[in-house]
Number of protein chains: 2
Amino acid sequence: MKTQKKRSDCPVSFSLEAFGDKWSLLIVRDLMLHKKCTYGELAKSDEKIATNILAARLLSLEENGIIQKLEHPDSKAKVLYQLTQKGIDLIPIIVEINLWAEKYMEIPEKRKELVSQMNADKEGFIRNSINELKAAHIEKTK
Amino acid sequence: MKTQKKRSDCPVSFSLEAFGDKWSLLIVRDLMLHKKCTYGELAKSDEKIATNILAARLLSLEENGIIQKLEHPDSKAKVLYQLTQKGIDLIPIIVEINLWAEKYMEIPEKRKELVSQMNADKEGFIRNSINELKAAHIEKTK
DNA sequence: CACATTTACTTGTAAAATGCAAGTAATTAT
DNA sequence: ATAATTACTTGCATTTTACAAGTAAATGTG
């Protein structure tokens, strides 16, 4: 994975260089909303990401400071993937994407509850998610 | 451009199928923040999009109901590209991406003003942008 | 009215990213 | 000691993107 030259000096453009590919935000979603934290769990996403792509995206997300690799408390064979603060701060983007989808697309029944929560109290949902994530991180690393 | 099969039933996933490629959000940004509205203007983006890719993305954005093609008031040789309401509603996502970039990346001087506005009053900025866009649309089509 | 220019594309081909199937090395469980 | 788990890698096909050039309709210019 080579360092990608900036396409321009626009904030949107270089944000997209960090997470604007086909998979990165889905990985972030899984780390964030689905409480996944190992390679194996991430590989079992609904979208069936290829394992080589998963590895490549995890590396690039790490290089971009969005996630970090830690020792897994349960086993040396596992790796603990966690969002950094920079990654956690992607929550508002993920939330807005969900809300846009809610307005314009069919949301499957099982996802409606979560999206409703976002809609009812966006700021609260974000605050809550951040707190839950951080609590889970402390739990895992202690 | 074939109809893409849904990768999953996750709202994030199928939102990304509509605008989660390397270029779509930059085109939306130009229509939205840079007041561009023709193929030629969009082709002159800082990021230097290839013309075949631009054409392909414009078609896909249209198929996804995010933009629409209209007759240009000035000339039959021109096409007027406009965001639909569905496209306009991507503003919050673009704003959040800008704010994330502001927090974690170097924003060039010439972009700082706009991003500061977003930061100072997010809701106000979004409301304003929507109003400006709609006023411009009426102006062009009357 | 002839001719150059503008505008919105398309076409051909090279390069890069993604997808699929299989394999490997270091743990860990039995 | 052996089998299973876990986190990857490797090789190759397919798809997407990039670059350079070309085209057709509409418009501007002498």
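Chain naming here is simple, since letters A, B, ... match the order of the sequence lines and numbering starts at 1 in each. All values derive from a computational prediction rather than experimental measurement.
Across the protein-nucleic acid pair, A:E41 atom CD and D:dC8 atom C1' stand 16 Å apart, rounded to whole Å. For the pair A:L16 CG and D:dT17 P, the interatomic distance rounds to 13 Å; values are reported in whole Å. When rounded to the nearest whole Å, the span between NE2 of B:H72 and P of C:dT6 equals 16 Å. Note: CG (A:L42) to P (D:dT6) measures 13 Å, nearest angstrom. Across the protein-nucleic acid pair, A:L70 atom CG and D:dT6 atom P stand 19 Å apart, rounded to whole Å. Separating the CZ atom of B:R57 from the P atom of C:dC9 is a distance of 15 Å, rounded to the nearest angstrom.
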Tabulate atom names and distances for all N/O pairs under 3.5 angstrom spanning the protein and nucleotides 26-29 of chain D.
unit_1	atom_1	unit_2	atom_2	d
D:dA26	O3'	B:A77	N	3.3
D:dT27	OP1	B:K76	N	2.6

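Residues from residues 19-37 of chain A with heavy atoms under 4.0 angstrom of DNA chain C, sorted by number: A:D21, A:K22, A:W23. Within residues 45-52 of chain A, the residues that have a heavy atom under 4.0 Å from DNA chain C are, in order of number, A:A50, A:T51, A:N52.
Residues passing the side-chain hydrogen bond (donor to acceptor under 3.5 Å, both in side chains) test with A:N128, sequence neighbours excluded: none. For A:E41, there are no salt bridge (charged side-chain N to carboxylate O under 4.0 Å, His left out) partners at least two apart in sequence or on another chain. With sequence neighbours excluded, no residue forms a side-chain hydrogen bond (donor to acceptor under 3.5 Å, both in side chains) with B:K44. Contacts of B:D9 classified as side-chain hydrogen bond (donor to acceptor under 3.5 Å, both in side chains), with partners at least two apart in sequence or in another chain: A:R111. Shown here are the salt bridge (charged side-chain N to carboxylate O under 4.0 Å, His left out) partners of B:E96, two or more places apart in sequence or in another chain: B:K122. Residues satisfying the side-chain hydrogen bond (donor to acceptor under 3.5 Å, both in side chains) test with A:E47, not counting sequence neighbours, are A:R29, B:S8.
A ring pair (Phe, Tyr, Trp, His ring centres under 6.0 Å) check over residues 105-134 of chain B, counting only residues at least two apart or in different chains, returns nothing. Among residue pairs with one or both ends in residues 84-104 of chain A, those qualifying as ring pair (Phe, Tyr, Trp, His ring centres under 6.0 Å) are A:W100-A:Y104, A:W100-B:F19; sequence neighbours excluded.
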For residues 69-77 of chain B, which side-chain donor-acceptor pairs fall under 3.5 Å, sequence neighbours excluded?
unit_1	atom_1	unit_2	atom_2	d
B:H72	ND1	B:D74	N	3.0
B:S75	OG	B:A77	N	2.8

Item to complete: Kindly determine whether A:L26 and B:V12 satisfy side-chain contact (heavy atoms from CB on, under 4.5 Å), including the steps that lead there.
Response: CA-CA 7 Å; A:L26 296 178; B:V12 178; 3.9 Å; yes

